[in-house]
Amino acid sequence: MDGPLIDSNGGAPGLSDRLRATPATIRHRKASTVSSLPDLNEAQRAAVEHGAGPALVIAGAGSGKTRVLTARVAHLLARGIAPEAILAFTFTNRAAREMRARIERTVGEAARRLWVGTFHATGVRILRREARGGALPGIGPDFVIYDREDQETVVAAAIAALELPEGTLRTGEVLRRISDAKNALVSVEAFERAAVSPHERRIAACYRRYRDTLRGQSALDFDDLIGDVVTLLRDRPEIAERYRRRFVHVLVDEYQDTNHAQFRLVEALAAGHGNLFVVGDDDQSIYRFRGADLTNVLEFERAFPGAAVIRLEQNYRSTANILRAANAVIAHNRDRKGKTLWCDREDGARLRFVLAADEADEARCVRARLEEHRRRGGRLDECAILYRTNAQSRALESELRLHGIRYEMVGGVSFFARREVKDLLAYLRLALNPADRVAFWRVWNTPRRGLGDAVRARIEALGDAPPLEALRSLAGEGLRGAARGGAESFITLIDELRAGLNAPPAELLRLVLERTDYLRMLDDERDGTSADRRANIEELLVAASDHASAPADDGSGDVAGFLAEATLVTDADRVEEGADRVLMLTAHTAKGLEFPVVIVAGLEEGLFPHGSSLDEPGQLEEERRLFYVAVTRARNEVLLTAAAYRRRFTAEGVFAARGGAVSRFVDEIPAELVDREETLQPAVRFPAWASRRRAGAAGPAQSDGPAYRTRGPLARVVGKEVYHETFGRGVVVMAEGAGPDARYTVRFGTQLKKVMGRFLTGGVDVD
DNA sequence: TGCGTTGACCCTGGA
DNA sequence: GGTCAACGCA
């Protein structure tokens with residue numbers, strides 16, 4: 001059997017040029033020779049050979065859409081289109097790499113001249129070029145890209161500057177509103193005009209301040225990487241014309257997850273020739289929170305009159321049972337173009353659903369399933385554990401670690417967002433762009449060099465001057481002792497980095513490590529993370545030297561290019577094939593991947609579908625699509641799990657145990673396709689509301705339900721280990737009442753019991 | 001004045 | 001379980 005592969009149809013392996021092929025993947029390579037289009041079905045062939053003009057390919061899960069895109073590019077090249085005249089947008093860097101690698105296998109070197117990349121990477125490429133030509137007012141070619149954390153810093157400062165009462169505006173909300181505005185191409189001025197309520201006006205004020213701050217620092221955020229290109233092409237027709245003449249064919253993968261700005265970018269590039277080829281699946285649109293706009297698919301034909309519409313409905317990936325289950329669930333959605341996938345594979349095993357006692361028990365079931373797979377001779381990398389939220393990984397991780405099962409978590413804290421990595425990169429950012437205040441404040445006293453709030457206030461009093469220069473003038477006169485020495489060594493280091501910007505990034509990073517004694521700082525922290533962080537730094541150095549050997553075709557220096565890549569790369573881009581470990585990832589991150597065995601954990605109302613979606617039909621449909629994506633990742637087997645009780649943090653910040661009903665999505669799978677099990681024999685019946693909610697699942701979503709919540713000291717009892725004279729060791733899953741009357745629901749092994757507090761010893765004697 | 005420790009608040013998803 | 005602001009200490 002094969003390991004996890006990119007959406008590939010027919011088992012053709014996803015290979016990236018940086019990753020080594022495993023024997024299994026090499027075996028399949030022959031099958032994907034595309035020049036003669038040997039083994040395409042009729043619909044696929046029609047898509048690949050589509051002539052001029054717009055085309056919308058509705059490609060169901062596992063229907064070979066990546067293959068079609070790749071084959072189409074090869075087909076265009078074979079028809080004499082120059083590689084530099086083709087622009088393809090992919091959803092991940094990894095997909096871009098793989099597409100390029102596959103095309104290279106057919107057409108060789110020429111593939112290097114294609115433009116294949118994510119919207120963001122392509123945006124950087126265009127902006128970098130045009131910035132060199134001076135086409136972007138106020139933005140130099142060495143602009144930096146602010147990631148989420150950097151953005152938060154800026155927004156927090158903007159909110160603080162408004163001097164509102166504590167808690168009036170929250171960073172997260174403001175950031176989301178700014179991002180939404182940018183994705184919809186709403187300028188600061190337009191936002192201000194539309195803002196009527198005091199709340200809206202305050203957000204508008206933050207937006208303005210945020211924009212001005214970024215401009216002042218020659219910084220762009222993720223949304224700017226697209227929005228600024230759209231603005232550029234709109235305001236500078238001659239530049240737009242240049243790109244239109246250059247790119248004769250524009251292709252877009254995962255079209256269902258494009259937002260308005262991306263739509264406008266594509267539209268602007270394809271205007272005139274109209275050779276726009278988009279591939280997507282409305283049933284797999286799962287990024288609405290990021291502005292993805294399904295109307296881009298649903299109204300493609302209106303936006304591009306005369307568009308050909310081609311449907312790929314044959315699935316080559318999953319067994320018939322898996323496909324039937326997925327079809328049945330997604331049929332509950334109303335807002336779709338409508339299609340039914342079919343396949344000619346055998347029925348295969350039924351899906352399995354297990355209701356576990358709590359999340360620890362659920363983790364145990366997952367682990368047991370993995371061990372079963374291994375006993376049958378399977379490999380761990382054939383399995384993936386999917387969940388709705390990253391927070392769910394914790395219980396799974398500890399169970400797998402305890403039993404020595406190797407795993408790799410994808411997502412969560414991205415590699416380049418780790419503290420130690422961002423610290424080191426901030427030195428480079430500062431050297432490249434002294435106006436980058438976020439980078440300055442990140443590292444000016446990291447590692448500690450005797451600088452603190454007092455000096456900070458004096459620098460800030462100097463206003464807009466680059467902070468490094470402010471510090472330089474202070475070091476000359478106003479500072480004494482440790483602060484002076486610290487400031488001087490910092491300034492010297494940055495100056496040296498500046499002078500050495502032409503050197504390879506890895507060399508600069510080594511200089512930073514050496515001068516700052518950064519590693520010693522890590523050791524001194526004594527929090528047990530030192531070894532991990534050191535390893536990450538090692539990896540950063542490797543990534544930096546890898547980058548040096550890659551061509552910078554946008555003409556940017558190594559350092560600027562490396563920093564951009566570091567910001568835009570995601571964890572999913574870095575997953576390696578062939579390692580024997582199970583992957584753990586969110587359903588979102590799993591998009592585009594496939595695995596022989598898929599485990600979807602946490603299938604409870606309020607978690608998957610997520611609680612925030614329950615009041616809104618549109619949002620609920622998005623959750624259902626996400627579940628559909630999760631299930632259709634599987635080739636052969638699906639295990640669905642849920643926990644009767646789960647410890648969670650709620651919005652109120654309360655440590656709570658709640659029993660959720662089983663997810664409605666499980667119930668939407670026809671009963672004959674699922675084997676259901678419960679691992680616990682409840683001596684205590686589940687609270688009535690749990691089943692009531694389940695019964696009412698088809699109706700309007702109920703409020704959050706009477707989920708039992710413990711507050712104060714009681715809350716700390718939930719999840720604690722306790723002992724009972726007859727039942728032995730157990731774990732508290734729910735607490736009710738207080739004082740001597742307190743009663744606890746405790747899981748002893750697979751038994752659930754309700755016990756008075758006085759019969760328990762352990763952590764329960766709290767009032 | 002900077003540093004280390006303690007308690008509030010907190011997580012949907014991610015380029 | 002993780003981060004950050006506020007606190008008192010060197």
Side-chain angles (χ1 to χ4, degrees), chain A residues 89-96 117-124 145-149 151-152 156 166-167 170-172 176 179 182-183 220-226 254 257-259 261-262 286-292 386-395 397-398 410-414 416-417 419 445 447-458 479-483 486 524-527 529 564-565 567-573 585-591 602 606-614 619 622-623 625-626 629 647-656 719:
Chain A
F89 291 106
T90 58
F91 194 70
T92 62
N93 296 300
R94 184 190 166 105
T118 63
F119 276 96
H120 293 91
T122 304
V124 171
I145 303 163
Y146 277 9
D147 69 6
R148 173 63 188 241
E149 190 187 6
Q151 291 178 283
E152 275 171 7
E166 188 72 19
R170 285 211 309 269
T171 320
R176 195 177 63 243
S179 180
K182 288 189 175 189
N183 288 334
L220 302 178
D221 65 21
F222 287 125
D223 302 318
D224 293 332
L225 298 181
I226 292 143
E254 305 283 7
D257 280 320
T258 52
N259 61 36
Q262 290 165 336
I286 55 174
Y287 281 97
R288 198 163 83 158
F289 69 92
R290 221 165 67 191
L386 275 50
Y387 37 75
R388 178 63 180 82
T389 69
N390 280 307
Q392 287 167 253
S393 66
R394 206 181 300 152
E397 273 188 282
S398 60
V410 188
V413 183
S414 134
F416 287 97
R419 172 164 65 88
N445 194 34
R448 302 254 122 90
R449 43 176 77 89
L451 301 168
D453 289 346
V455 181
R456 184 183 184 121
R458 290 168 73 183
L479 297 180
R480 287 187 310 274
D524 288 348
E525 286 172 0
R526 299 191 315 274
D527 58 356
T529 61
E565 184 181 300
T567 314
L568 294 178
V569 82
T570 69
D571 250 26
D573 295 327
L585 64 177
T586 64
H588 280 96
T589 308
K591 185 167 93 158
L607 186 58
F608 200 174
H610 196 266
S612 57
S613 71
L614 295 178
Q619 201 54 45
E622 172 120 340
E623 295 285 315
R625 289 192 291 268
L626 186 56
V629 167
R647 275 153 275 167
R648 292 179 72 187
F649 286 96
T650 67
E652 300 88 64
V654 174
F655 196 35

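Computed from a predicted model, the values in this text were never measured in an experiment. Chain naming here is simple, since letters A, B, ... match the order of the sequence lines and numbering starts at 1 in each.
Phosphate proximity of B:dC3 to A:N445: present, with a side-chain N or O under 4.0 Å from OP1 or OP2. A:T570 has a side-chain polar atom (N or O) that falls below the 4.0 Å cut-off from OP1 or OP2 of B:dA15. Here A:N390 reaches the OP1 or OP2 of B:dG14: one of its side-chain N or O atoms lies under 4.0 Å away. At B:dG14, one or more side-chain N or O atoms of A:T589 fall inside 4.0 Å of OP1 or OP2 (strictly under the cut-off).
Of the candidates B:dT12, B:dG14, B:dA15, the closest approach to any side-chain atom of A:F222 belongs to B:dA15. Each of B:dG2, B:dG13, B:dC11 was ranked by its minimum atom distance to the side chain of A:Q619; first place goes to B:dG13. The side chain of A:R448 lies closest to B:dC3 when the candidates are B:dG13, B:dC3, B:dA15. Checking B:dT12, B:dA15, B:dG14 against every side-chain atom of A:R148, the shortest atom distance belongs to B:dG14. Which of B:dC3, B:dA15, B:dT1 sits closest to the side chain of A:A454 comes down to B:dT1.
Looking at heavy-atom distances under 4.0 Å, A:I286 makes no contact with the nucleic acid at all. Among the atoms of the strands shown, base atoms are found under 4.0 Å from some heavy atom of A:S612. Residue-level contact check: A:A391 touches the bases, meaning some heavy atom is under 4.0 Å from a base atom. Among the heavy atoms of the strands, none lies under 4.0 Å from A:N93. Among the atoms of the strands shown, only primed sugar atoms or phosphate atoms (P, OP1, OP2) are found under 4.0 Å from some heavy atom of A:V455. Using a 4.0 Å heavy-atom distance criterion, A:S613 is classed as making no nucleic acid contact. Within 4.0 Å of A:D147, counting heavy atoms only, lies no atom of the nucleic acid at all. Looking at heavy-atom distances under 4.0 Å, A:Y287 makes contact with sugar-phosphate atoms alone, never a base.
The distance from atom CG of A:D224 to atom P of B:dA15 is 17 Å, rounded to the nearest whole Å. Rounded to whole Å, atom P of B:dG13 lies 16 Å from atom CG of A:D257. Atom CG in A:D453 sits about 12 Å away from atom C1' in C:dA6, given to the nearest Å. If you take CG of A:L386 and P of B:dG14, they are 11 Å apart, rounded to a whole angstrom. Rounded to a whole Å, the NZ atom of A:K591 is 11 Å from the C1' atom of B:dG14. Atoms CZ (A:R449) and P (B:dG2) sit 14 Å apart, rounded to a whole Å. One atom, CD of A:Q151, and another, P of B:dA15, lie 13 Å apart when rounded to the nearest Å. When the P atom of B:dG14 is taken as reference, atom CG of A:L225 falls 19 Å away, rounded to whole Å.
Every residue two or more places apart in sequence or in another chain that forms a side chain to side chain donor-acceptor pair (under 3.5 Å) with A:T570 is listed here: A:D573. Taking A:Y287 as the reference, A:F91, A:F289, A:H588 meet the ring-ring contact (aromatic ring centres under 6.0 Å, His included) condition, with sequence neighbours excluded.
Ion pairing between a basic and an acidic side chain is recognised when a charged N comes within 4.0 Å of a carboxylate O; A:R625 and A:E622 show such pairing. We find that A:R288 and A:D257 are not joined by a salt bridge, their nearest charged nitrogen and carboxylate oxygen being 4.0 Å or further apart.
The backbone N or O of A:H610 lies less than 3.5 Å from a partner atom in the side chain of A:S613, making a donor-acceptor pair.
Nearest heavy atom pair, residue A:E149 against residue A:A417, reads OE1-O, 4.4 Å.
Side-chain contact annotation: A:D147 with A:T567, donor-acceptor N/O pair under 3.5 Å absent.
Here A:F289 does not pack flat against the base of B:dG14, since the 5.5 angstrom centre distance and 30 degree tilt limits are not both met.
When each of A:L451 and A:S179 is assigned the nucleotide of DNA chain B with its nearest heavy atom, A:L451 is the one assigned upstream, toward the 5' end.
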